[in-house]
Each structure stands twice: as structure tokens, then as C-alpha cells.
Engineer: 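Structure incoming, see below.
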Amino acid sequence: MAKLEILEFPDDRLRTVAKPVEHFDDRLRELVADMIETMYGAQGIGLAATQVNEHRRLLVLDVSEDQDAPRVYVNPEIVASEGSETCEEGCLSVPGIYAEVSRADKVRVAAFDQHGQRFEEDLEGLHAVCLQHEIDHLNGKLFVDYLSPLKRRMVTKKLEKQRKIAGQRPARAIL
């Protein structure tokens, strides 16, 4: 397994609409394992393939308290939704930024696992919110798109400042 590079906003590749997965092979299963490792390594609860520059309809998430129950969704599609919940969201592709976003509180998703087995399940709360957030990535959308243009500009400036500061820090040698 290998940790993958996570693209960061405003990288244009994050706007790519992912294509459906057609082959459920060892390469896909390896990508799934790498994405799970990358998600855990970045202390995230969800990761879409688009975020690691793989533009296929694939996402992984783990909203369990102990981070020991990874879930895989290939070609996910929300087939029903209800209710509304507003909660603070963050994103591995927009590090250090959090904002209130409204999403459906309950969803029914149809998807495949990494072996090509189709399933449907009902999700609610954080699990439903996380799934919707990651599906947005597959559609080329980020949570900052729900913000006003002014707030988006503020986010962009804050990230630029963070990157500038990080670039001025001395590199640490790993021995």
C-alpha cells in the first residue's frame, strides 16, 4: 500500500467529473487500499478518488469512532434523500478550513463494492453527510462552492498564506 498525494483547492483537477468504474480488478482494489491508507494517514473520515487525481467514481469513508470500519462505494448514486441538516464540514483538499453546509439528513445510496457486488443502504447523520460530501468531489464540486463568493475568496487567501508560511519553514531531514 502507498500513501497518495491529496490535491488541494484551488487545483483545477479537483473540478474534473469522475467517470464510472468499469473494471473491478486488482488495480481497483489496490487503489481502494491506498485510498484508505491515505485517508487514515491524513486523519480524514472520507476520501474521493478525484482528490488523489484518479478520476473514477470511487470513494472511501470511515465515520466509526475507532476508525476501524472503512466503507467502499464504487459508482455511488443517491437514489433517495430526506430531511436537512446543517453541520460544520472540513475537507482534506481544503486543509484547516471549516464551514457550515446544509445537506440531506438521510439518504439511500446504491453502489458497488470493490469486488463488483451491488448494494443499497440507508444512511443518516454524519455517514449521510460524509457520503454526500464525497459524491460532490466525484462531480467536481467542493464544499467551498456552497459558500458565498466573498467567503470563497477569504478561504483562497487563507490557504495561500498557509502555503507561503509552510514554504518558508526549513525542511526536516528524515534519516
Side-chain angles (χ1 to χ4, degrees), residues 1-9 11 13-95 98 101-146:
M1 291 195 292
K3 278 187 162 180
L4 305 170
E5 178 186 357
I6 298 173
L7 302 177
E8 292 186 4
F9 177 78
D11 193 311
R13 295 172 291 179
L14 289 167
R15 301 301 184 175
T16 305
V17 176
K19 295 187 181 338
V21 171
E22 295 178 1
H23 303 286
F24 294 83
D25 54 14
D26 289 340
R27 185 171 177 263
L28 176 69
R29 287 183 282 283
E30 183 178 329
L31 176 58
V32 166
D34 289 346
M35 286 176 60
I36 291 170
E37 180 181 350
T38 300
M39 175 183 68
Y40 287 148
Q43 299 178 346
I45 61 171
L47 186 66
T50 301
Q51 292 176 272
V52 294
N53 204 28
E54 286 283 340
H55 303 288
R56 297 190 273 169
R57 297 194 72 77
L58 162 67
L59 65 89
V60 297
L61 57 85
D62 187 346
V63 296
S64 68
E65 194 169 305
D66 295 327
Q67 289 276 278
D68 61 355
R71 301 282 300 145
V72 177
Y73 298 85
V74 181
N75 299 334
E77 180 183 345
I78 294 174
V79 295
S81 64
E82 67 178 70
S84 180
E85 178 177 356
T86 300
C87 63
E88 188 174 67
E89 291 188 20
C91 181
L92 296 176
S93 290
V94 190
Y98 301 90
V101 177
S102 293
R103 298 190 186 271
D105 181 48
K106 296 179 182 179
V107 298
R108 180 161 189 80
V109 62
F112 295 87
D113 67 15
Q114 67 266 37
H115 304 288
Q117 296 298 309
R118 187 177 187 286
F119 65 93
E120 287 192 21
E121 65 182 355
D122 295 311
L123 307 174
E124 60 183 85
L126 181 60
H127 201 157
V129 167
C130 186
L131 180 87
Q132 292 169 83
H133 176 109
E134 300 307 333
I135 287 176
D136 272 355
H137 278 297
L138 301 180
N139 295 327
K141 188 171 185 175
L142 285 89
F143 86 99
V144 295
D145 296 338
Y146 292 94

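We use all heavy atoms of the structure for the numbers below, so side chains are in, but hydrogens, waters and symmetry mates are not.
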Engineer: Taking all non-hydrogen atoms of both residues, which atom of G46 and which atom of L92 are closest, and how far apart?
Structural biologist: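 Minimum heavy-atom contact is O-CD1, 3.8 Å.
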
Engineer: Considering non-hydrogen atoms only, spot the tightest contact between D113 and H115 and give its length.
Structural biologist: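 Looks like OD1-N, 2.8 Å.
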
Engineer: Angle between ring planes, H127 versus Y73, binned at 30° and 60°: parallel, tilted or perpendicular?
Structural biologist: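 Perpendicular.
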
Engineer: One pair to check against side-chain contact (heavy atoms from CB on, under 4.5 Å): Y146 and K141. What are the steps and the verdict?
Structural biologist: CA-CA 9 Å; Y146 292 94; K141 188 171 185 175; 3.6 Å; yes

Engineer: Of the non-hydrogen atoms in S81 and I78, which two are nearest, and what is the gap between them?
Structural biologist: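 Minimum heavy-atom separation between S81 and I78: CB-CG2, 4.4 Å.
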
Engineer: Between L138 and A48, what is the shortest heavy-atom contact and its length?
Structural biologist: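 So the minimum-distance heavy-atom pair works out to CD2-CB, 3.9 Å.
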
Engineer: Could you go through N53 and T16, starting from their C-alpha distance and side-chain angles, then the distance that decides it, and tell me whether this counts as side-chain contact (heavy atoms from CB on, under 4.5 Å)?
Structural biologist: CA-CA 9 Å; N53 204 28; T16 305; over 6 Å; no

Engineer: Within the distance-only criterion (no hydrogens, no angle test), does the side chain of Q67 pair as donor or acceptor with the backbone N or O of Y40 below 3.5 angstrom?
Structural biologist: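 Judged by distance alone, no pair lies under 3.5 Å.
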
Engineer: N75 side chain to V21 main-chain N or O, any donor-acceptor pair under 3.5 Å?
Structural biologist: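 Between the backbone of V21 and the side chain of N75 there is a qualifying donor-acceptor contact (under 3.5 Å).
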
Engineer: Please evaluate residues D11 and R13 with respect to the criterion salt bridge (Lys or Arg N to Asp or Glu O under 4.0 Å), reporting the C-alpha separation (whole Å), side-chain torsions for both, the decisive distance (0.1 Å), and the verdict.
Structural biologist: CA-CA 5 Å; D11 193 311; R13 295 172 291 179; 2.6 Å; yes

Engineer: A side-chain contact here means heavy atoms from C-beta on lying under 4.5 Å apart; do I45 and L126 qualify?
Structural biologist: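 A side-chain contact under 4.5 Å exists here.
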
Engineer: Taking only residues two or more places apart in sequence, or in another chain, which ones meet E8 in a side-chain contact (heavy atoms from CB on, under 4.5 Å)?
Structural biologist: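 E8: side-chain contact (heavy atoms from CB on, under 4.5 Å) contacts with P95, R163.
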
Engineer: With sequence neighbours left out, what residues match R57 under side-chain hydrogen bond (donor to acceptor under 3.5 Å, both in side chains)?
Structural biologist: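 In terms of side-chain hydrogen bond (donor to acceptor under 3.5 Å, both in side chains), with neighbours along the sequence ignored, R57 is linked to N139.
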
Engineer: Considering residues at least two apart in sequence or located in another chain, which fulfil the side-chain hydrogen bond (donor to acceptor under 3.5 Å, both in side chains) criterion with R29?
Structural biologist: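 D26.
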
Engineer: So does I6 get a backbone contact from the side chain of Q51, meaning a donor-acceptor N/O pair under 3.5 Å?
Structural biologist: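 Side chain of Q51 to backbone of I6: no pair is present.
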
Engineer: So which heavy atom on T38 is nearest to which on L4, and how close?
Structural biologist: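 Residues T38 and L4, closest heavy atoms: OG1-N, 2.8 Å.
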
Engineer: Which atoms form the tightest heavy-atom contact between L59 and M35, and what is the distance?
Structural biologist: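 For L59 versus M35, the nearest heavy atoms are CA-CE, 4.3 Å.
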
Engineer: Rounded at 0.5 Å granularity, tell me how far CZ in R27 sits from CD in E54.
Structural biologist: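 That separation rounds to 5.5 Å.
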
Engineer: Looking at side-chain heavy atoms only, is the closest gap between C91 and H137 below 4.5 Å?
Structural biologist: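 Touching, per the 4.5 Å side-chain cut-off.
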
Engineer: With side-chain hydrogen bond (donor to acceptor under 3.5 Å, both in side chains) as the rule and sequence neighbours excluded, what pairs involving residues 82-91 come up?
Structural biologist: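 Passing the test, one end in residues 82-91: T86-S102, E89-R103, E89-H133.
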
Engineer: How many angstroms lie between CG in L142 and CG in D136, if you round to the nearest 0.5 Å?
Structural biologist: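 Going from the CG atom of L142 to the CG atom of D136 covers 8.5 Å.
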
Engineer: Using the side-chain contact (heavy atoms from CB on, under 4.5 Å) criterion, which residues pair with M39? Sequence neighbours excluded.
Structural biologist: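 Once residues adjacent in sequence are excluded, the partners of M39 under the side-chain contact (heavy atoms from CB on, under 4.5 Å) criterion are L47, V60, D62.
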
Engineer: Under the salt bridge (Lys or Arg N to Asp or Glu O under 4.0 Å) definition, can you give me all pairs with a residue in residues 119-132, not counting sequence neighbours?
Structural biologist: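 Counting only pairs at least two positions apart or across chains, the salt bridge (Lys or Arg N to Asp or Glu O under 4.0 Å) contacts touching residues 119-132 are R71-E121, R108-E120, R108-D122, R118-E120.
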
